Amino acid sequence: MADKLTAVKGMNDLLPADSHAWEWLEGLVRDLMRRHGYRNIRTPIVEPTALFVRGLGEVTDIVEKEMYSFEDRLNGDSLTLRPEATAGVVRATVEHNLLYEGGKRMYYMGPMFRHERPQKGRYRQFHQIGAEALGFAGAEVDAELILMAHRLWQELGLTDVRLEINSLGQPAERAQHRAALIAHFEAHADALDEDARRRLHSNPLRILDSKNPAMQSVVESAPKLIDHLGAASRSHFEAVRAILEANGVTDRISARLVRGMDYYNLTVFEFITDRLGSQGTVCGGGRYDYLIEQVGGKPAPAVGWALGVERVLELAREAGLWPEAPAPDVYAIVPDANPLPQVMSLLQHLRGAGVAVQMHAAQGEGMGSMKSQFKKADASGARYALVFGEQEIRNGQVAIKALRDGQGAQRLADISRWAEWAPSLRATRAGVEPA
Ligand code: ATP
Ligand code: MG
(Lines give C-alpha, C1' and ligand atoms only; values in the text may rest on other atoms or scores of the structure.)
(Ligands and ions follow the chains in the order given, each with its own letter.)
Protein backbone atom coordinates (compact mmCIF):
# COMPACT_ATOMS: atom_id res chain seq x y z
CA MET A 1 0.00 0.00 0.00
CA ALA A 2 1.08 3.56 -0.63
CA ASP A 3 2.21 5.75 2.27
CA LYS A 4 -0.67 7.39 4.07
CA LEU A 5 -0.87 11.10 3.59
CA THR A 6 -1.80 13.17 6.61
CA ALA A 7 -3.20 16.67 7.11
CA VAL A 8 -0.90 19.67 7.37
CA LYS A 9 0.36 20.18 10.92
CA GLY A 10 -1.93 22.42 12.95
CA MET A 11 -4.82 21.99 10.51
CA ASN A 12 -7.70 19.84 11.65
CA ASP A 13 -10.39 17.74 10.07
CA LEU A 14 -13.86 18.29 11.43
CA LEU A 15 -15.43 14.84 11.57
CA PRO A 16 -19.13 13.90 11.56
CA ALA A 17 -19.02 13.00 15.27
CA ASP A 18 -18.45 16.67 16.13
CA SER A 19 -19.79 18.66 13.19
CA HIS A 20 -23.30 18.92 14.64
CA ALA A 21 -21.91 21.12 17.42
CA TRP A 22 -20.45 23.46 14.81
CA GLU A 23 -23.81 23.53 13.04
CA TRP A 24 -25.50 24.28 16.34
CA LEU A 25 -23.24 27.29 16.94
CA GLU A 26 -23.56 28.46 13.33
CA GLY A 27 -27.33 28.16 13.50
CA LEU A 28 -27.53 30.23 16.69
CA VAL A 29 -25.24 32.84 15.16
CA ARG A 30 -27.28 33.11 11.94
CA ASP A 31 -30.41 33.72 13.93
CA LEU A 32 -28.66 36.17 16.24
CA MET A 33 -27.36 38.14 13.26
CA ARG A 34 -30.78 38.16 11.65
CA ARG A 35 -32.28 39.62 14.83
CA HIS A 36 -29.67 42.37 14.86
CA GLY A 37 -29.89 43.25 11.16
CA TYR A 38 -26.49 41.84 10.12
CA ARG A 39 -26.20 40.29 6.65
CA ASN A 40 -23.79 37.59 5.57
CA ILE A 41 -20.69 38.43 3.52
CA ARG A 42 -18.27 35.88 2.03
CA THR A 43 -14.91 37.04 0.80
CA PRO A 44 -12.06 34.97 -0.69
CA ILE A 45 -9.73 32.96 1.51
CA VAL A 46 -6.77 34.33 -0.45
CA GLU A 47 -6.05 38.05 -0.72
CA PRO A 48 -3.13 40.13 -2.02
CA THR A 49 -0.38 40.10 0.63
CA ALA A 50 -0.30 43.91 0.54
CA LEU A 51 -3.82 44.07 2.01
CA PHE A 52 -2.68 42.53 5.29
CA VAL A 53 0.67 44.29 5.43
CA ARG A 54 -1.05 47.63 4.93
CA GLY A 55 -4.14 46.84 6.99
CA LEU A 56 -2.81 44.97 10.02
CA GLY A 57 0.52 46.82 10.23
CA GLU A 58 4.02 45.65 9.37
CA VAL A 59 5.21 45.38 12.96
CA THR A 60 2.61 42.92 14.25
CA ASP A 61 2.86 39.25 15.20
CA ILE A 62 0.64 38.25 12.32
CA VAL A 63 2.48 40.11 9.58
CA GLU A 64 5.97 39.51 10.97
CA LYS A 65 5.72 35.80 11.56
CA GLU A 66 2.34 34.18 11.11
CA MET A 67 1.23 34.69 7.51
CA TYR A 68 1.01 31.96 4.90
CA SER A 69 2.26 33.94 1.93
CA PHE A 70 3.26 32.57 -1.43
CA GLU A 71 3.93 33.64 -4.95
CA ASP A 72 1.33 32.81 -7.57
CA ARG A 73 3.61 30.96 -9.96
CA LEU A 74 1.50 31.90 -12.95
CA ASN A 75 1.91 35.66 -12.65
CA GLY A 76 4.29 36.35 -9.77
CA ASP A 77 1.64 38.01 -7.55
CA SER A 78 2.26 37.80 -3.81
CA LEU A 79 -0.78 36.22 -2.15
CA THR A 80 -1.64 35.34 1.45
CA LEU A 81 -4.11 32.94 3.07
CA ARG A 82 -6.22 35.30 5.15
CA PRO A 83 -5.09 35.42 8.82
CA GLU A 84 -8.28 37.33 9.68
CA ALA A 85 -11.25 38.60 7.73
CA THR A 86 -11.71 42.26 8.65
CA ALA A 87 -9.21 43.45 6.06
CA GLY A 88 -10.96 41.41 3.35
CA VAL A 89 -14.40 42.69 4.35
CA VAL A 90 -13.09 46.25 4.19
CA ARG A 91 -11.50 45.60 0.80
CA ALA A 92 -14.79 44.21 -0.52
CA THR A 93 -16.73 47.14 0.95
CA VAL A 94 -14.49 49.61 -0.84
CA GLU A 95 -14.30 47.60 -4.06
CA HIS A 96 -18.11 47.35 -4.33
CA ASN A 97 -18.81 50.77 -2.90
CA LEU A 98 -21.09 49.25 -0.27
CA LEU A 99 -21.28 52.39 1.84
CA TYR A 100 -22.69 54.66 -0.87
CA GLU A 101 -26.16 54.53 0.65
CA GLY A 102 -25.11 54.49 4.30
CA GLY A 103 -23.72 52.09 6.87
CA LYS A 104 -23.60 48.33 6.45
CA ARG A 105 -23.84 45.61 9.08
CA MET A 106 -22.28 42.31 8.05
CA TYR A 107 -21.11 38.99 9.44
CA TYR A 108 -18.97 36.13 8.22
CA MET A 109 -17.90 32.63 9.21
CA GLY A 110 -14.91 30.75 7.90
CA PRO A 111 -11.36 29.48 8.14
CA MET A 112 -8.34 31.69 8.92
CA PHE A 113 -4.67 30.77 8.65
CA ARG A 114 -1.78 31.66 10.91
CA HIS A 115 1.57 29.95 11.15
CA GLU A 116 1.63 29.60 14.94
CA ARG A 117 2.94 26.88 17.22
CA PRO A 118 0.03 24.44 17.34
CA GLN A 119 -1.37 23.69 20.81
CA LYS A 120 -4.77 23.38 22.40
CA GLY A 121 -6.85 26.35 21.25
CA ARG A 122 -4.19 27.51 18.80
CA TYR A 123 -4.13 26.08 15.30
CA ARG A 124 -2.73 26.95 11.90
CA GLN A 125 -6.11 26.69 10.29
CA PHE A 126 -8.80 27.83 12.69
CA HIS A 127 -12.24 29.32 12.28
CA GLN A 128 -13.73 32.63 13.11
CA ILE A 129 -17.19 34.06 13.17
CA GLY A 130 -17.13 37.81 12.93
CA ALA A 131 -19.44 40.80 12.81
CA GLU A 132 -18.57 44.16 11.28
CA ALA A 133 -20.51 47.42 11.22
CA LEU A 134 -19.07 49.82 8.65
CA GLY A 135 -19.97 53.46 8.21
CA PHE A 136 -21.19 54.08 11.78
CA ALA A 137 -19.33 56.42 14.11
CA GLY A 138 -21.43 56.39 17.27
CA ALA A 139 -20.80 54.60 20.54
CA GLU A 140 -24.17 52.87 20.19
CA VAL A 141 -22.79 50.59 17.47
CA ASP A 142 -19.76 49.61 19.58
CA ALA A 143 -22.25 48.76 22.32
CA GLU A 144 -24.61 46.94 19.95
CA LEU A 145 -21.79 44.64 18.87
CA ILE A 146 -20.65 43.94 22.41
CA LEU A 147 -24.23 43.25 23.50
CA MET A 148 -24.69 40.94 20.54
CA ALA A 149 -21.66 38.85 21.53
CA HIS A 150 -22.84 38.87 25.14
CA ARG A 151 -26.23 37.58 24.05
CA LEU A 152 -24.55 34.81 22.09
CA TRP A 153 -22.82 33.55 25.25
CA GLN A 154 -26.18 33.61 26.98
CA GLU A 155 -27.94 31.73 24.21
CA LEU A 156 -25.16 29.16 24.09
CA GLY A 157 -25.43 28.80 27.86
CA LEU A 158 -21.86 29.96 28.56
CA THR A 159 -21.45 31.71 31.88
CA ASP A 160 -17.71 31.95 32.50
CA VAL A 161 -16.93 34.67 29.98
CA ARG A 162 -15.92 38.13 31.17
CA LEU A 163 -15.60 41.34 29.23
CA GLU A 164 -12.43 43.42 29.23
CA ILE A 165 -12.50 46.80 27.58
CA ASN A 166 -10.14 49.66 26.85
CA SER A 167 -9.86 52.72 24.68
CA LEU A 168 -6.94 53.23 22.31
CA GLY A 169 -8.00 56.82 21.65
CA GLN A 170 -7.14 58.62 18.45
CA PRO A 171 -3.80 58.80 16.58
CA ALA A 172 -2.75 62.11 18.17
CA GLU A 173 -3.44 60.78 21.65
CA ARG A 174 -1.56 57.62 20.82
CA ALA A 175 1.45 59.65 19.65
CA GLN A 176 1.60 61.36 23.04
CA HIS A 177 1.31 58.10 24.89
CA ARG A 178 3.90 56.56 22.61
CA ALA A 179 6.59 58.97 23.76
CA ALA A 180 5.82 58.16 27.39
CA LEU A 181 5.82 54.46 26.59
CA ILE A 182 9.21 54.55 24.89
CA ALA A 183 10.71 56.45 27.82
CA HIS A 184 9.32 53.84 30.23
CA PHE A 185 10.61 50.87 28.28
CA GLU A 186 13.99 52.51 27.68
CA ALA A 187 14.34 52.94 31.42
CA HIS A 188 13.69 49.20 31.80
CA ALA A 189 15.57 48.04 28.72
CA ASP A 190 17.11 45.10 30.57
CA ALA A 191 13.64 43.65 31.22
CA LEU A 192 12.69 43.58 27.53
CA ASP A 193 12.83 40.48 25.37
CA GLU A 194 14.12 40.46 21.83
CA ASP A 195 10.72 41.17 20.23
CA ALA A 196 10.14 44.09 22.54
CA ARG A 197 13.58 45.59 21.96
CA ARG A 198 13.06 45.39 18.23
CA ARG A 199 9.63 47.03 18.50
CA LEU A 200 10.66 49.67 21.02
CA HIS A 201 10.86 52.39 18.37
CA SER A 202 8.85 50.92 15.52
CA ASN A 203 5.71 49.91 17.44
CA PRO A 204 6.01 50.23 21.23
CA LEU A 205 2.27 49.76 21.77
CA ARG A 206 2.70 46.16 20.58
CA ILE A 207 4.92 45.49 23.61
CA LEU A 208 1.82 45.83 25.80
CA ASP A 209 0.34 42.86 23.90
CA SER A 210 3.32 40.65 24.86
CA LYS A 211 2.49 37.20 26.17
CA ASN A 212 5.97 36.71 27.65
CA PRO A 213 5.48 36.07 31.40
CA ALA A 214 8.93 37.50 32.15
CA MET A 215 7.79 40.89 30.90
CA GLN A 216 4.53 41.13 32.80
CA SER A 217 5.72 43.52 35.50
CA VAL A 218 7.41 45.99 33.14
CA VAL A 219 4.24 45.92 31.04
CA GLU A 220 1.93 46.35 34.03
CA SER A 221 3.81 49.42 35.20
CA ALA A 222 3.83 51.10 31.78
CA PRO A 223 2.04 54.44 31.26
CA LYS A 224 -1.61 53.91 30.43
CA LEU A 225 -3.07 55.08 27.16
CA ILE A 226 -6.37 55.80 28.84
CA ASP A 227 -4.67 58.56 30.84
CA HIS A 228 -3.77 60.32 27.58
CA LEU A 229 -7.29 60.45 26.17
CA GLY A 230 -8.89 63.78 25.29
CA ALA A 231 -12.48 64.71 26.10
CA ALA A 232 -14.03 63.31 22.91
CA SER A 233 -12.37 59.89 23.23
CA ARG A 234 -13.24 59.75 26.88
CA SER A 235 -16.87 60.52 26.28
CA HIS A 236 -17.12 57.93 23.49
CA PHE A 237 -15.73 55.35 25.90
CA GLU A 238 -18.10 56.36 28.67
CA ALA A 239 -21.06 56.31 26.28
CA VAL A 240 -20.30 52.71 25.34
CA ARG A 241 -19.94 51.71 28.96
CA ALA A 242 -23.17 53.43 30.00
CA ILE A 243 -25.12 51.37 27.44
CA LEU A 244 -23.45 48.19 28.64
CA GLU A 245 -24.27 49.04 32.21
CA ALA A 246 -27.90 49.75 31.38
CA ASN A 247 -28.00 46.25 29.90
CA GLY A 248 -26.52 44.59 32.95
CA VAL A 249 -23.24 43.79 31.21
CA THR A 250 -20.29 44.26 33.51
CA ASP A 251 -16.94 45.13 32.05
CA ARG A 252 -13.48 45.61 33.44
CA ILE A 253 -11.10 48.21 32.10
CA SER A 254 -7.79 46.66 31.11
CA ALA A 255 -5.08 49.16 30.27
CA ARG A 256 -2.99 46.42 28.66
CA LEU A 257 -5.65 45.46 26.19
CA VAL A 258 -4.37 46.79 22.85
CA ARG A 259 -5.26 43.93 20.45
CA GLY A 260 -2.90 42.36 17.93
CA MET A 261 -3.47 44.54 14.87
CA ASP A 262 -2.59 48.18 14.33
CA TYR A 263 -5.90 49.16 12.80
CA TYR A 264 -7.79 49.75 16.05
CA ASN A 265 -8.70 53.05 17.67
CA LEU A 266 -11.09 54.11 20.46
CA THR A 267 -12.99 51.11 21.86
CA VAL A 268 -11.25 47.72 22.01
CA PHE A 269 -12.55 44.71 23.91
CA GLU A 270 -12.08 41.02 24.50
CA PHE A 271 -14.23 38.30 26.01
CA ILE A 272 -12.05 36.05 28.13
CA THR A 273 -12.53 32.82 30.06
CA ASP A 274 -10.33 31.19 32.68
CA ARG A 275 -11.49 27.73 31.72
CA LEU A 276 -9.29 27.27 28.66
CA GLY A 277 -5.84 27.83 30.13
CA SER A 278 -3.68 30.40 28.40
CA GLN A 279 -5.78 30.35 25.21
CA GLY A 280 -8.58 32.11 27.08
CA THR A 281 -9.59 34.87 24.68
CA VAL A 282 -12.69 33.66 22.90
CA CYS A 283 -13.63 36.88 21.13
CA GLY A 284 -11.95 40.18 20.40
CA GLY A 285 -12.76 43.35 18.56
CA GLY A 286 -12.93 47.09 18.47
CA ARG A 287 -13.27 50.19 16.41
CA TYR A 288 -11.17 50.68 13.28
CA ASP A 289 -12.05 54.09 11.91
CA TYR A 290 -8.95 54.50 9.75
CA LEU A 291 -8.74 51.10 8.04
CA ILE A 292 -11.14 51.90 5.21
CA GLU A 293 -9.06 54.84 3.99
CA GLN A 294 -5.89 52.83 4.48
CA VAL A 295 -7.25 50.27 2.05
CA GLY A 296 -8.02 53.01 -0.46
CA GLY A 297 -11.62 53.86 0.37
CA LYS A 298 -13.28 57.14 1.24
CA PRO A 299 -12.72 57.63 4.99
CA ALA A 300 -15.49 56.00 7.04
CA PRO A 301 -15.69 54.72 10.61
CA ALA A 302 -16.17 51.05 11.49
CA VAL A 303 -16.26 48.59 14.36
CA GLY A 304 -16.37 44.80 14.66
CA TRP A 305 -15.38 41.61 16.46
CA ALA A 306 -14.31 38.07 15.72
CA LEU A 307 -14.71 34.98 17.85
CA GLY A 308 -12.66 31.81 17.70
CA VAL A 309 -15.02 28.93 16.89
CA GLU A 310 -12.71 26.20 18.24
CA ARG A 311 -12.31 28.02 21.55
CA VAL A 312 -15.99 28.81 21.97
CA LEU A 313 -16.91 25.18 21.29
CA GLU A 314 -14.20 23.90 23.60
CA LEU A 315 -15.66 26.10 26.30
CA ALA A 316 -19.13 24.74 25.57
CA ARG A 317 -17.76 21.20 25.85
CA GLU A 318 -16.06 22.02 29.17
CA ALA A 319 -19.32 23.43 30.47
CA GLY A 320 -21.26 20.31 29.47
CA LEU A 321 -23.21 22.18 26.82
CA TRP A 322 -22.33 19.88 23.94
CA PRO A 323 -25.50 19.36 21.90
CA GLU A 324 -26.91 15.90 21.34
CA ALA A 325 -25.86 14.28 18.07
CA PRO A 326 -28.69 14.36 15.54
CA ALA A 327 -30.60 11.12 14.98
CA PRO A 328 -33.02 10.27 12.21
CA ASP A 329 -36.71 10.02 13.09
CA VAL A 330 -36.95 6.81 11.18
CA TYR A 331 -34.67 3.98 10.08
CA ALA A 332 -35.97 2.00 7.10
CA ILE A 333 -35.41 -1.74 7.32
CA VAL A 334 -35.53 -3.42 3.93
CA PRO A 335 -35.02 -7.21 4.17
CA ASP A 336 -35.09 -7.73 0.43
CA ALA A 337 -33.85 -5.55 -2.42
CA ASN A 338 -36.76 -6.26 -4.79
CA PRO A 339 -39.23 -3.68 -3.46
CA LEU A 340 -36.58 -0.92 -3.26
CA PRO A 341 -38.15 1.25 -6.02
CA GLN A 342 -41.48 1.27 -4.15
CA VAL A 343 -39.79 1.65 -0.75
CA MET A 344 -37.66 4.55 -1.87
CA SER A 345 -40.53 6.45 -3.39
CA LEU A 346 -42.34 6.24 -0.04
CA LEU A 347 -39.20 7.40 1.77
CA GLN A 348 -38.95 10.40 -0.55
CA HIS A 349 -42.56 11.31 0.29
CA LEU A 350 -41.77 11.07 4.01
CA ARG A 351 -38.72 13.29 3.63
CA GLY A 352 -40.83 15.75 1.71
CA ALA A 353 -43.14 15.77 4.71
CA GLY A 354 -40.25 16.71 7.01
CA VAL A 355 -39.43 13.28 8.40
CA ALA A 356 -35.70 12.50 8.79
CA VAL A 357 -35.25 9.09 7.22
CA GLN A 358 -32.16 6.94 7.12
CA MET A 359 -32.44 3.92 4.85
CA HIS A 360 -30.60 0.70 5.36
CA ALA A 361 -28.20 0.19 2.47
CA ALA A 362 -26.26 -2.89 1.46
CA GLN A 363 -22.63 -2.96 2.53
CA GLY A 364 -21.77 -6.11 0.62
CA GLU A 365 -23.77 -8.98 -0.83
CA GLY A 366 -27.51 -8.61 -0.18
CA MET A 367 -29.28 -6.27 2.22
CA GLY A 368 -28.11 -8.10 5.37
CA SER A 369 -30.13 -10.01 7.97
CA MET A 370 -33.10 -8.48 9.80
CA LYS A 371 -31.09 -8.78 13.00
CA SER A 372 -28.17 -6.78 11.68
CA GLN A 373 -30.53 -4.19 10.20
CA PHE A 374 -32.30 -3.77 13.54
CA LYS A 375 -28.92 -3.35 15.20
CA LYS A 376 -28.08 -0.54 12.80
CA ALA A 377 -31.51 0.98 13.38
CA ASP A 378 -30.88 1.04 17.12
CA ALA A 379 -27.40 2.48 16.73
CA SER A 380 -28.72 5.24 14.49
CA GLY A 381 -30.74 6.66 17.39
CA ALA A 382 -33.94 6.60 15.33
CA ARG A 383 -37.19 6.58 17.28
CA TYR A 384 -38.95 4.32 14.79
CA ALA A 385 -38.07 1.50 12.46
CA LEU A 386 -40.09 1.18 9.27
CA VAL A 387 -40.04 -2.48 8.36
CA PHE A 388 -40.72 -3.28 4.73
CA GLY A 389 -41.36 -7.03 5.06
CA GLU A 390 -42.48 -9.06 2.06
CA GLN A 391 -45.93 -9.78 3.51
CA GLU A 392 -46.61 -6.14 4.48
CA ILE A 393 -45.57 -4.85 1.09
CA ARG A 394 -47.84 -7.33 -0.61
CA ASN A 395 -50.70 -5.80 1.41
CA GLY A 396 -49.61 -2.27 0.52
CA GLN A 397 -48.47 -1.71 4.10
CA VAL A 398 -45.40 -1.03 6.21
CA ALA A 399 -44.79 -1.89 9.88
CA ILE A 400 -43.87 1.01 12.16
CA LYS A 401 -42.02 -0.19 15.20
CA ALA A 402 -41.10 2.03 18.18
CA LEU A 403 -37.42 1.76 19.10
CA ARG A 404 -37.35 4.19 22.03
CA ASP A 405 -40.50 5.38 23.88
CA GLY A 406 -42.91 2.46 24.09
CA GLN A 407 -40.21 0.26 22.69
CA GLY A 408 -41.44 -2.74 20.74
CA ALA A 409 -44.92 -1.41 20.04
CA GLN A 410 -45.80 -1.97 16.43
CA ARG A 411 -48.54 -0.87 14.08
CA LEU A 412 -49.28 -1.31 10.42
CA ALA A 413 -49.75 1.67 8.14
CA ASP A 414 -51.05 1.91 4.59
CA ILE A 415 -48.30 3.03 2.26
CA SER A 416 -50.74 4.92 0.03
CA ARG A 417 -51.99 6.96 3.00
CA TRP A 418 -48.50 8.17 4.05
CA ALA A 419 -49.62 11.81 4.14
CA GLU A 420 -51.89 10.97 7.10
CA TRP A 421 -49.31 9.26 9.31
CA ALA A 422 -46.04 10.89 8.24
CA PRO A 423 -46.41 13.89 10.63
CA SER A 424 -46.62 11.57 13.64
CA LEU A 425 -43.08 10.37 12.93
CA ARG A 426 -41.52 13.82 13.00
CA ALA A 427 -39.40 14.82 15.96
CA THR A 428 -40.89 17.42 18.25
CA ARG A 429 -37.83 17.91 20.44
CA ALA A 430 -36.94 21.58 20.87
CA GLY A 431 -34.58 22.74 18.19
CA VAL A 432 -35.14 19.65 16.09
CA GLU A 433 -38.53 20.65 14.76
CA PRO A 434 -38.21 21.40 11.05
CA ALA A 435 -38.31 25.13 10.33
P1 ATP B 1 -4.35 35.30 20.89
O2 ATP B 1 -4.11 36.47 21.77
O3 ATP B 1 -4.91 34.12 21.60
O4 ATP B 1 -3.19 34.97 19.99
P5 ATP B 1 -5.37 37.02 18.85
O6 ATP B 1 -5.41 38.33 19.55
O7 ATP B 1 -4.22 36.73 17.95
O8 ATP B 1 -5.52 35.81 19.92
P9 ATP B 1 -7.54 37.74 17.14
O10 ATP B 1 -6.71 38.04 15.99
O11 ATP B 1 -8.13 38.81 17.95
O12 ATP B 1 -6.72 36.76 18.11
O13 ATP B 1 -8.68 36.71 16.70
C14 ATP B 1 -9.95 36.64 17.34
C15 ATP B 1 -10.14 35.29 17.99
O16 ATP B 1 -9.77 34.22 17.12
C17 ATP B 1 -9.28 35.04 19.21
O18 ATP B 1 -9.86 35.63 20.33
C19 ATP B 1 -9.30 33.54 19.31
O20 ATP B 1 -10.48 33.09 19.92
C21 ATP B 1 -9.29 33.13 17.87
N22 ATP B 1 -7.93 32.77 17.42
C23 ATP B 1 -6.92 33.58 17.09
N24 ATP B 1 -5.84 32.90 16.68
C25 ATP B 1 -6.18 31.56 16.78
C26 ATP B 1 -5.51 30.33 16.49
N27 ATP B 1 -4.27 30.31 16.01
N28 ATP B 1 -6.19 29.18 16.71
C29 ATP B 1 -7.45 29.18 17.19
N30 ATP B 1 -8.13 30.31 17.46
C31 ATP B 1 -7.51 31.49 17.26
MG1 MG C 1 -2.42 35.67 18.17
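None of these values were measured; they are calculated from a predicted model. In each ligand, atom 1 is the first atom listed, and ligand 1 is the first ligand listed.
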(Q) With a 4.5 Å cut-off on side-chain heavy atoms, are M109 and H127 touching? (A) no

Q) Do any heavy atoms of R259 fall under 4.0 Å from ligand 1? A) yes

Q.
Taking the basic N atoms (NZ, or NE/NH1/NH2) and the acidic carboxylate oxygens, is any pair closer than 4.0 Å for K375 and D378?
A. no

Q.
Heavy-atom distances under 4.0 Å decide this one: backbone, side chain, both or neither, for R122 against ligand 1?
A. both

Q: Taking atom types as modelled, find out whether D142 and H236 have a side-chain donor-acceptor pair closer than 3.5 angstrom.
A: yes

Q: Anything under 30° is parallel, anything over 60° is perpendicular, the rest tilted; go ahead and classify H188 against H184.
A: tilted

**Q.** Contact partition for Q128 relative to ligand 1, non-hydrogen atoms under 4.0 Å
**A.** side chain

Q) Under 3.5 Å, side chain of D77 to main-chain N/O of L79, donor-acceptor pair present? A) no

Q. Side chain or backbone of M261 under 4.0 Å from ligand 1, or both, or neither, by non-hydrogen atoms?
A. side chain

(Q) Assess whether a salt bridge exists between R151 and E155, defined as any Lys/Arg side-chain N lying under 4.0 Å from an Asp/Glu carboxylate O. (A) yes

Q) So, does S380 use its side chain to make a donor-acceptor pair with the main chain of A377 at under 3.5 Å? A) yes

(Q) Need the ligand 1 atom indices (1-based, order shown) with element for anything under 4.0 Å from a heavy-atom of T281. (A) 17 (C), 18 (O), 19 (C), 20 (O)

Q: Determine whether any heavy atom of G260 lies closer than 4.0 Å to an atom of ligand 1.
A: no

Q) Of all the non-hydrogen atoms in the protein, which one sits nearest to atom 27 (N) of ligand 1, and at what distance? A) E116 OE2, 2.6 Å

Q. Side chain or backbone of D61 under 4.0 Å from ligand 1, or both, or neither, by non-hydrogen atoms?
A. neither

Q: Under 4.0 Å from a heavy atom of K211: give me the atoms of ligand 1 that qualify, with their elements.
A: 1 (P), 2 (O), 4 (O)

(Q) Polar contacts were defined as any N/O atom of the residue lying under 3.5 Å from an N/O atom of the ligand; does this apply to E310 and ligand 1? (A) no

Q. Is the closest N or O pair between E270 and ligand 1 shorter than 3.5 Å?
A. no

Q) For ligand 1, which atoms, with element, lie under 4.0 Å from some heavy atom of G308? A) 15 (C), 16 (O), 20 (O), 21 (C)

**Q.** Per-atom contacts of ligand 1 with A306, taking only distances under 4.0 Å to non-hydrogen atoms
**A.** 14 (C), 15 (C)

Q | Under-4.0 Å salt bridge between E64 and R206 | A | no

Q) Which of the atoms of ligand 1 are close to G121, meaning less than 4.0 Å from one of its heavy atoms? A) 28 (N), 29 (C), 30 (N)

**Q.** Note: R199-D209 ion pair, threshold 4.0 Å (strictly below)
**A.** no

Q: Would you please determine whether R114 falls within less than 4.0 Å of ligand 1 on a heavy-atom basis?
A: yes

Q) Ion pair present between D18 and R317, side-chain N to carboxylate O less than 4.0 angstrom? A) yes

Q: Just let me know how Q279 lines up against ligand 1, side chain, backbone, both or neither, with a heavy-atom cut-off below 4.0 Å.
A: neither

Q) If you count the atoms of ligand 1 from 1 in the order shown, which ones are under 4.0 Å from a heavy atom of C283? A) 18 (O)

Q) Only one of E270, E84, E164 forms a salt bridge (charged side-chain N to carboxylate O under 4.0 Å, His left out) with R259, so which one is it? A) E270

